[in-house]
Every structure is written in C-alpha cells, then in structure tokens.
Amino acid sequence: MSRSPVFVVSPGGQLTGQIRVPGDKSISHRSIMFGSLADGTTRVHGFLDGDDCLATLNAFRAMGVEIEGPENGEVTIHGVGIDGLMAPAHTLDMGNSGTSMRLMTGLLSGQSFDTTLVGDRSLMSRPMRRVTDPVQSMGATLSTTDSGSAPIEISGGAQLHAIQYELPVASAQVKSCVLLAGLYAEGKTCVTEPAPTRDHTERMLRGFGYAVESPSKGVVCVEGGGRLTATEIDVPADISSAAFFMVGASIAEGSDITLQHVGMNPTRTGVIDILKLMGADITLSNEREVGGEPVADIRVRSAQLKGIQIPEALVPLAIDEFPAIFVAAACAKGETVLTGAEELRVKESNRIAVMADGLKILGVSAEPTEDGIVIQGGDGFGSGEVESHDDHRIAMSFAMASLRASGEVRINNCANVDTSFPNFVKLAGKSGLSIQIN
Ligand code: S3P
C-alpha cells in the first residue's frame, strides 16, 4: 500500500523568526458561501488556498457562481443573491471537508433543485445525521446511508419552516447548518448550544448585513427571507495552524517565534489558555480588530511545561488543537488528563486512538479513554514511523514532536496537510524544522 507522501523529519532544532500561517479555514469557507449568496461583489483577502476551502469554492462555481481566484489569497465572488444558485450538473464533491458537507446540507435544503453531496473515504464515514435530522425537522427532504453517512441526497423545492433547536453536541458545524437552513425557512429559527462554539457564521452573517439575534446566552436566531449585501473580508491567519508552531516553540529549547496576524476569536483561543495553564510562555501584541474578528501577533518562547487536568469548558474552544496539545503534554512534567472530548473520535480520524497509537510508537505512555486520554509526560520522544491516517492535524502534530525526538520521525500519508496548510513544509523549514518529503 502506498504511504506517500511520507514526511521524514529530522530530530532536534528550534523554531525562530516571524511567520504568518495561512488564512483561517472556517472563515474562508464561510466567505465563499455568504459571498455567493450576497447581492453584489465580495472581495476576500487572506483566503486559505487549501483543498477543503477549494471544495467549497468549486461547489459554488458548479452552482453558477462566478468566482475569480484564489490568487495570492485574493478571491472575488460575484454574488448571485440568496435565491440565485443554479442546479449543478454533477454531484458535489466535498473532499475531506466536514465543514463543507455539513454547512452545505443546511444551505442546499432551501434550494429549488436537487443535489447530492459526496466526499473522500474519511468524510464518507463521518456522522451526518447530526445535520440531516434537524434540517429534516424543518421540512427538508434528504437522505443518508443507513448508517447515517454521506452521500447526502437533498431534494429541492421543500418549503422549510423555522425550528427551535437544542444542539445535542457542542458543534459549530451543526449550529451553522441549522442557521443556514433558517435563512430559507419561514419564521425565526433559533439554536441553543450546550457550550460556546466558534461563532464565525453569526459574525459573518452580520458582516453581510443579515440580522442575527441573541436573545439570551447560548441562543442565536435568524429570521428567514432576508438578503445579504456584499462586503470585503480580511481573513486572519488560522489559530489552528498557528497552534502547531505554538506547541513546537514551547517544547523545543531555545525557540522564540512570532506568529503574525492570528485570529483571536474568543471561541477559538482555548489552545492558548490550555498551553498557558501548562506553563507556556506566550505573549500577545498588536491586538486589533479586522473585519469583525479580533487578531493579534503571538510570541512563543520555549518553556518547561507541566501536566494538567484540562478544564472541560475549554474543550470546544480548542477542539481542533488536541493532536498538537497531546504533543505538548508528552513533553510536560507529570500527567495530563483530558476528559469530555469524545467528539475527537469523529474528526477527520479518530484523533484519540490515532494519537495514542503514534505517541506509543514514539515511546510515550498514552492511554486512550472513552472521552479523552491520559498522557504521562517525559523527556520527549524516541524515533519511529507513525501513521497520520490521512489526517492533516495528526501529520503536522507529529512533525512538531520531532523537535524533541532522539532520532528521525517518519509520518505516513501526509497528502491531506494540503487541506488546511498547503505551505506547511516550507514554513516549518523556514522556522527551523527540517522536513523531507519522500
Ligand atoms: C468547524 C467546526 C468544528 C471544527 C472544524 C471546523 C467549523 O467542527 O472541528 O474543523 O468551521 O464550523 P464541529 O462543529 O464538528 O465541532
């Protein structure tokens, strides 16, 4: 079986300098969706030119939206209006992207034409009833496989009605899916979340001039039948991509790196809180607001980390950063315990199992539990060959582990790094982590 591309990472080193990691994935997806549905021309700067966001972009092109770019992060979207999408000539392939598939399910449920959503092997095995169930209760006609996975077949022409929906899991994708369907529903759709999750959908809807109410804490509502007005969007650097460098710089002695223009939305900064609780040396500067999203430069210097019990309230706020946080925990003094994070088992891979397996191969004691993991921190990593399971964040986390490894680390099947961080190897190299691609 092919393992290529394999990242062969040299041990040791430190991270230094100033870098800007690519644009935020969540915001880039939403910029295409809302830009397409808006009246007028939307210009996006700092767009993430990764495979996931390109899947979203190509889906809207297939539905008749004229989109220029991306070129150096610039995208121009000639919006067709909330009711202007056209039937695509083929199934819409969402690749590896759960965000594309789940948000599009809501949006497409309100169209007049039929669509079918498919994806790669990983995406086709992820749970989709969490989005199809609420949208069905709004009056949509759609189906999944018997096991609740894609393909999702959506029949057009349904008249949706508003619902009051309590999210069974803290998921921004499900919240966003219901709100997107709510744009096409009769009445006011409200979603209640059990814990705060990323709020880019709400922020960006307001940026496009669409009213979003929050009648009480944890509740957001949209009234169907409104319109969006084109705008200009400046996408900050993705804190989820910055997180690899935050962890790498923390664990590699002598590191001092500054990550520029990083999105600091409070629903995304759990990784900073967790690393700080572990004793990381992180300082923020140049704090400002850009296009409705807070941004800052983040300076990280190496520090002796200590193991902690990760507060459960921080789990949804750091949901994508746990593979990297586990690498930090492996270099911390003492035990780190994560609970309340069963969602990690249904990400691009089963991130609890896959990280535990890889950490063990590299000589770290890591015991998976049903809803988390227990990691005994130590003196770093040995050397060895680990599997990324086609998961971009697993691949990049183990690459950072090499900074504290005693020998070469080989990471198999790293193609999907391109889904969120196409220039990872180059930026890592520039900062002091040497990765060879075989
Ligand atoms: C995302 C929400 C999160 C996150 C994903 C992006 C989004 O998923 O893991 O990478 O853009 O809304 P869940 O909603 O499943 O937690």
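These numbers come from the heavy atoms of this one structure, side chains and all, not from hydrogens, waters or symmetry mates. Computed from a predicted model, the values in this text were never measured in an experiment. When a ligand or atom number is given, it counts from 1 through the structure's own listing order. Each residue takes its place number in the sequence, starting with 1.
For ligand 1, the atoms sitting less than 4.0 Å from at least one non-hydrogen atom of Ile319 are 9 (O), numbered in the order shown with element in parentheses. Of all atoms in ligand 1, numbered sequentially from 1 with element shown, those under 4.0 Å from a heavy atom of Arg198 are 1 (C), 2 (C), 4 (C), 6 (C), 7 (C), 11 (O), 12 (O).
Within a 6.0 Å radius of CD in Glu312, more than 12 heavy atoms belonging to other residues, nucleotides or ligands are found.
The pair Arg130-Glu343 meets the salt-bridge criterion, with a side-chain N (NZ, NE, NH1 or NH2) lying under 4.0 Å from an Asp/Glu carboxylate O. Under the 4.0 Å criterion applied to side-chain N and carboxylate O atoms, Arg198 and Asp320 are assigned as salt-bridge partners.
Geometrically, ligand 1 and Val174 share no nitrogen or oxygen pair separated by less than 3.5 Å. Residue Ser176 places no N or O, backbone or side chain, under 3.5 Å from any N or O of ligand 1.
Close to ligand 1: Arg30, with a non-hydrogen atom less than 4.0 angstrom away. At least one heavy atom of Lys347 sits less than 4.0 Å from an atom of ligand 1.
Side-chain contact between Pro316 and Ile319 is absent, with no heavy-atom pair separated by less than 4.5 Å. No side-chain heavy atom of Val295 sits less than 4.5 Å from a side-chain heavy atom of Glu289.
Tested against Asp238, the residues Arg268, Lys25, Arg393 include a single salt bridge (Lys or Arg N to Asp or Glu O under 4.0 Å) partner, Arg268.
The shortest contact between atom 2 (C) of ligand 1 and any protein heavy atom is with Gln173 CG, 3.5 Å. The protein non-hydrogen atom at the shortest distance from atom 10 (O) of ligand 1 is Asp320 OD2, 2.7 Å. Here the protein heavy atom with the shortest distance to atom 6 (C) of ligand 1 is Thr99 OG1, 3.3 Å. Taking atom 14 (O) of ligand 1 as the reference point, the nearest protein heavy-atom neighbour is Ser171 OG, 2.6 Å.
Note: Leu284 CG to Asp297 CG = 9.0 Å, rounded to the nearest 0.5 Å.
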